[in-house]
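One-based numbering, in listed order, for ligands and for the atoms of each.
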Amino acid sequence: MKIAIIGGGPAGLYSAILLKKQRPGAEITVYERNRADDTFGFGVVFSDATLDNFEKYDSPSYRRITQEFAYWDDIAVHFRGTVHRVGGNGFCGCSRRKLLLILQERARELGVTLMFEADIEDEVRFADADLVVLADGINSRFRDRYIEHFQPEVDLRSNVFAWMGSTRPLDAFTFIFQETEWGPFIAHAYQYEAGRSTWIFETDPQTFKRAGLEGLNEKQSADRMAGIFGWFLGGHQLLTNRSMWRNFPMIRSKRWVKDNMVLLGDAKATAHFSIGSGTKLAMEDAIALADAMQRAPTVDAALRQYEDGRREEVEKTQHAADVSLVWFEHVDRFWDFDPVQFAFGVMTRAKAITYDNLTLRAPDFVSEVDKAFAKQVRAKGFDVDVEKPVAPMFQPLRLREMELANRAVVSPMCMYSAKEGVPGDFHLVHYGSRAIGGAGLIFTEMTCVGRDARITPGCTGLWNDEQEAAWRRIVDFVHVNSAAKICLQLGHAGRKGATKLMWDGMDRPLEEGGWDVLSASPIPYFPDSQVPREMDRAAMDAVKAAFVQAAERGEACGFDMLELHSAHGYLLASFISPLTNQRSDAYGGSLANRLRFPIEVFEALRAAWPSHKPMSVRISATDWAEGGITGDDAVVVARAFAEAGVDLVDVSTGQTVRDAQPVYGRMFQTPFSEQVRNEARVATMCVGNITTSDQVNTILAAGRADLVALARPHLVDPSFTLKAAAWYGAEAVFCPPQYLPGKEQIFRNSVRDRQDFDDLKIKAKPKTRAELKAEATKPLAAE
Ligand SMILES: Cc1cc2nc3c(=O)[nH]c(=O)nc-3n(C[C@H](O)[C@H](O)[C@H](O)COP(=O)(O)OP(=O)(O)OC[C@H]3O[C@@H](n4cnc5c(N)ncnc54)[C@H](O)[C@@H]3O)c2cc1C
Ligand SMILES: Cc1cc2nc3c(=O)[nH]c(=O)nc-3n(C[C@H](O)[C@H](O)[C@H](O)COP(=O)(O)O)c2cc1C
């Protein structure tokens, strides 16, 4: 077998090693345009898990690599004169140059031919090769040559960065967030060998310009960085080596394989440096390719297996890298945060590290985070314990004069079980049991302001006395039997009205018994849905009046709070999104115009709703569709409602158009809440695939939302909050007297369960290499 590998970076060399081990008889050649030792860059990092993989696949190179490594366990975050350190991270750093020399040596030893100063123009010369590995890096000539086939998507990120080195020793992966007269600068730094560390400097394009970095040469920009970070460098030099300022390209390729050619490493996909995974991805690609070549009967089949089997893992890493890079791009959102909360945000930015996970690894740090959170709550006038605070989830919140005992919320959920809009016994039990279950706030399902405002025949309403009496019964039950507050969500279905019950076909038009529907523009939801009537001024006045009357009935029922549903493509949302609003009057066109009617309705409600009671608005912060609402628009929308007196923005997404492409995942809507909260400076509630109290605490402690709503988890577990309270030892959680023995038992058992769980986790976690090294070098205690 003949294998040609273009590119002698980590991907090319490691694939040569693994393939040669597998097929000693194969003729394998690596073509590298540079000389053997003129590699660029400073250090690379690997996690313990990645090193375990290397050990399994090629122990000689693993041993040489690890001999050369610098190990560290801590991440240190420097911000506004403070430093917070968190241990247990298990990372290693190595010089990129040494790594490549080790891989070259190992490849040679195995019989791979290494051709340096061989700049490959095209692959024609490899016509007789069975396999051509394209490992030619981020600017891959071969990916671009077959651009129509590989279909790479290159997303050039806005921040600029430069890779430098230093002689400054470091004992932790170090993030320095530095305020300057021009704006924020960030340093990501780690040691990779004795006396050498990598320094990646990053800033936003405006700060870059203001700092006069444009047009400076390497030496001049290194001097400028040394000026900014000199207090930390302590006289150590900054070193440069092709350290130009660049924008990071996030690359994703639709295809990785063409005939017998396969893209590996940066050539096929990149991952932002802030999660330190570029070299890891490149070498793990090589492992995946070697595995596929081992298993599959033909090269063709192997390449297919490689692409199919590896894609998900790469995309997961890229997703984590995306989330992380966005955090760094928007660091100004958190710039006025308490430093410990800021550090918590840095640690938890990419979802893998959470509140509970940090509690296990760095209990003092989390205790400081809890205290800072409690202090903020105390500053709002609550008499909470700041020395031994409860977890953020159990801290109270005040909106106008409404006080919530905790931050867990039952999200609005249609039950499709009302008769002519009247909530019945099912609703009483449903809302009642969730209130007893301990959540601080319960939302009603979307309750419609008129018969023709309903989504389905099963939706609840509040337009007549019978409905008002039925809701009052529910509200009274909640108030008498729980500590929960209850919020009425009012809505109008718009073009999604006159549709079937959820279990008969979500959003599908009713076959009989339907009613006429309204919308901002006459665009049906499905092609076969009813064409809605474009609202004229008279219809707007009628709808506004219906909202006000329903709010007045809501007040008569005793609801504590009112939410205006302006999300999910329903009537008011249909005005906000350009995808559903194509009007040419004062209610269409610019976002300000599109907001006009929803704001008008909100203002009318605000005037009718008692001034001591809070109001929220639910928005879709993105349509997940080309040309639709984006996170930046959502900030404008939130500001407009805030000016009109909203107390909380309930940040949901999507459901505007049928062909949207949402990116689901754990806590997938939380970034929008974070953006709205910290850019529009308004309290937010986040929601969406949040399933654990650990996630609730992580979100709250990092300042990504003020309340956290859970919908589906509450369907199967009304006592979600009570159970979480037991886990976190939040004794003050409400429990009706009838259920107290149950509360006592679960609190008692939770202490033991939690201890067992923590022990198990600690036991199951192998020691990091840094811990093992520290143990091995520890002097023996004197007898
Ligand atoms: C200049 C530079 C500095 C870096 N510094 C660091 C760092 O300090 N720390 C870190 O963690 N990561 C660093 N990275 C990023 C990280 O190393 C990459 O994610 C990782 O190297 C990807 O490995 P790869 O093998 O896919 O690509 P690369 O390491 O980029 O290797 C590709 C190789 O292909 C060669 N090549 C390209 N075209 C041709 C051609 N037509 N013919 C022959 N050879 C060709 C290139 O010379 C290069 O050696 C750096 C990358 C570069 C390019
Ligand atoms: C059965 C069901 C009914 C829903 N009904 C409503 C509703 O009436 N009003 C609303 O704003 N959102 C409604 N939603 C959306 C939820 O409030 C929530 O935003 C969404 O389910 C995501 O949260 P989750 O991942 O915790 O379920 C509904 C969701 C479900 C599962």
Side-chain angles (χ1 to χ4, degrees), residues 5-15 30-34 38-46 93-97 99-100 103 115-123 134-142 163-165 190 192 198-200 241-244 246 263-271 273 276-283 285-286 409-416 443-448 455 459-460 489 491 502-503 506 563 565-568 570 618 620 650-655 664 666-669 685-691 708-715:
I5 298 177
I6 305 172
L13 289 169
Y14 206 49
S15 57
V30 176
Y31 299 88
E32 167 56 50
R33 67 178 169 201
N34 294 328
D38 73 352
T39 142
F40 309 108
F42 296 93
V44 297
V45 309
F46 296 122
C94 165
S95 138
R96 177 174 155 95
R97 185 168 177 277
L99 172 72
L100 293 186
L103 297 178
M115 307 276 284
F116 291 97
E117 299 179 77
D119 192 340
I120 305 301
E121 284 291 338
D122 62 48
E123 74 289 7
L134 306 174
D136 53 342
I138 210 158
N139 299 315
S140 172
R141 179 181 287 161
F142 293 90
W163 228 300
M164 299 190 192
Y190 56 90
Y192 59 87
T198 293
W199 285 70
I200 305 165
N241 182 345
R242 294 207 178 176
S243 306
M244 285 78 72
R246 309 178 257 172
L263 291 171
L264 241 62
D266 276 3
K268 66 160 210 325
T270 56
F273 52 81
S277 294
T279 310
K280 157 203 151 82
L281 271 185
M283 292 175 68
D285 283 352
V409 177
V410 177
S411 198
M413 277 182 287
C414 269
M415 291 291 107
Y416 308 99
F443 274 74
T444 69
E445 61 206 271
M446 176 166 127
T447 297
C448 306
I455 314 170
C459 288
T460 54
Q489 186 188 59
M502 176 179 71
W503 44 85
M506 188 87 173
E563 173 159 290
H565 199 331
S566 304
H568 300 169
Y570 296 120
R618 183 165 246 208
S620 284
D650 174 357
V651 185
S652 185
T653 68
Q655 300 176 49
Y664 293 117
R666 273 175 297 162
M667 308 184 272
F668 74 109
Q669 296 176 154
M685 177 165 87
C686 71
V687 64
N689 229 353
I690 298 161
T691 51
V708 181
L710 296 89
R712 288 165 297 171
H714 273 119
L715 286 181

Note: F273 and I200 closest approach over all heavy atoms is CE1-CG2, 3.7 Å
Side chains of P10 and R96 in contact at under 4.5 Å (non-hydrogen atoms): yes
Calculate, to the nearest 0.5 Å, the distance between atoms CZ and CG belonging to R141 and L134 respectively. 12.0 Å
Under 4.0 Å, heavy atoms only, figure out whether ligand 1 is touched by the backbone of F116, its side chain, both or neither. neither
Would you indicate whether the side-chain heavy atoms of S652 and Q669 approach each other to under 4.5 Å? yes
Could you tell me whether F273 approaches ligand 1 through its side chain, its backbone, both or neither, with non-hydrogen atoms closer than 4.0 Å? neither
Heavy-atom distances under 4.0 Å are what count here, so tell me which part of S140 touches ligand 1: side chain, backbone, both or neither. neither
Closest candidate by heavy atom, reference atom 46 (C) of ligand 1, pool E32, E117, R141: E32
Test your reading of the structure: does A282 have an N or O sitting under 3.5 Å from an N or O of ligand 1? no
For R246, give me all partners under side-chain contact (heavy atoms from CB on, under 4.5 Å), at least two apart in sequence or on another chain. F161, W163
Please identify which atoms of ligand 1 are closer than 4.0 Å to at least one heavy atom of A118. 42 (N), 43 (C)
Close approach of R242 to ligand 1, heavy atoms, under 4.0 angstrom: no
Should the proximity of E121 to ligand 1, defined as any heavy atom under 4.0 Å, be assigned to the side chain, the backbone, both, or neither? neither
Exam field: side chain Q489 to backbone F443, donor-acceptor pair closer than 3.5 Å: no
Roughly how far, to the nearest 0.5 Å, is the OG atom of S411 from the CZ atom of R712? 10.0 Å
Looking only at heavy atoms, the pair that brings M283 and F46 closest together is SD-CZ, 3.8 Å
Residue contacts for ligand 2, heavy atom to ligand atom, distance under 4.0 Å: S411, P412, M413, C414, E445, M446, Q489, M502, H565, H568, R618, V687, G688, N689, L710, A711, R712, P713
Quick one: does any side-chain atom of S15 pair with a main-chain N or O of A286 as donor and acceptor, under 3.5 Å? no
Evaluate the ring planes of Y570 and H565, with Trp represented by its six-membered ring, and classify them as parallel (under 30°), tilted (30 to 60°) or perpendicular (over 60°). perpendicular
Supply the atom-to-atom distance T653 OG1 to Y664 OH, rounded to the nearest 0.5 angstrom. 7.5 Å
Mind checking whether I138 has an N or O less than 3.5 Å away from an N or O of ligand 1? no
Determine whether a donor-acceptor pair (N or O, by modelled atom type, separation under 3.5 Å) exists between the side chain of S243 and the backbone of N241. yes
Looking at non-hydrogen atoms alone, which of Y14, F42, F142, W163 comes nearest to atom 12 (N) of ligand 1? W163
For the 3.5 Å polar cut-off, considering only N or O atoms, please tell me whether P10 and ligand 1 meet it. yes
Taking side chain as C-beta onward, heavy atoms only, is T279 less than 4.5 Å from L99? yes
Compare G137, G265, G43, G12 and give the one whose heavy atom is closest to atom 7 (C) of ligand 1. G43
Counting heavy atoms under 4.0 Å, the part of N34 that contacts ligand 1 is side chain
Under 4.0 angstrom from ligand 1, any heavy atom of W199? no
Which part of I6 is near ligand 1, with near meaning a heavy atom under 4.0 Å away: side chain, backbone, both or neither? side chain
How does A135 reach ligand 1, if at all, at less than 4.0 Å between non-hydrogen atoms: by side chain, backbone, both, or neither? backbone
What about D266: any of its N or O atoms under 3.5 Å from an N or O on ligand 1? yes
Check the surroundings of atom CG in D119: do more than 12 heavy atoms from other residues, nucleotides or ligands lie under 6.0 Å from it? yes
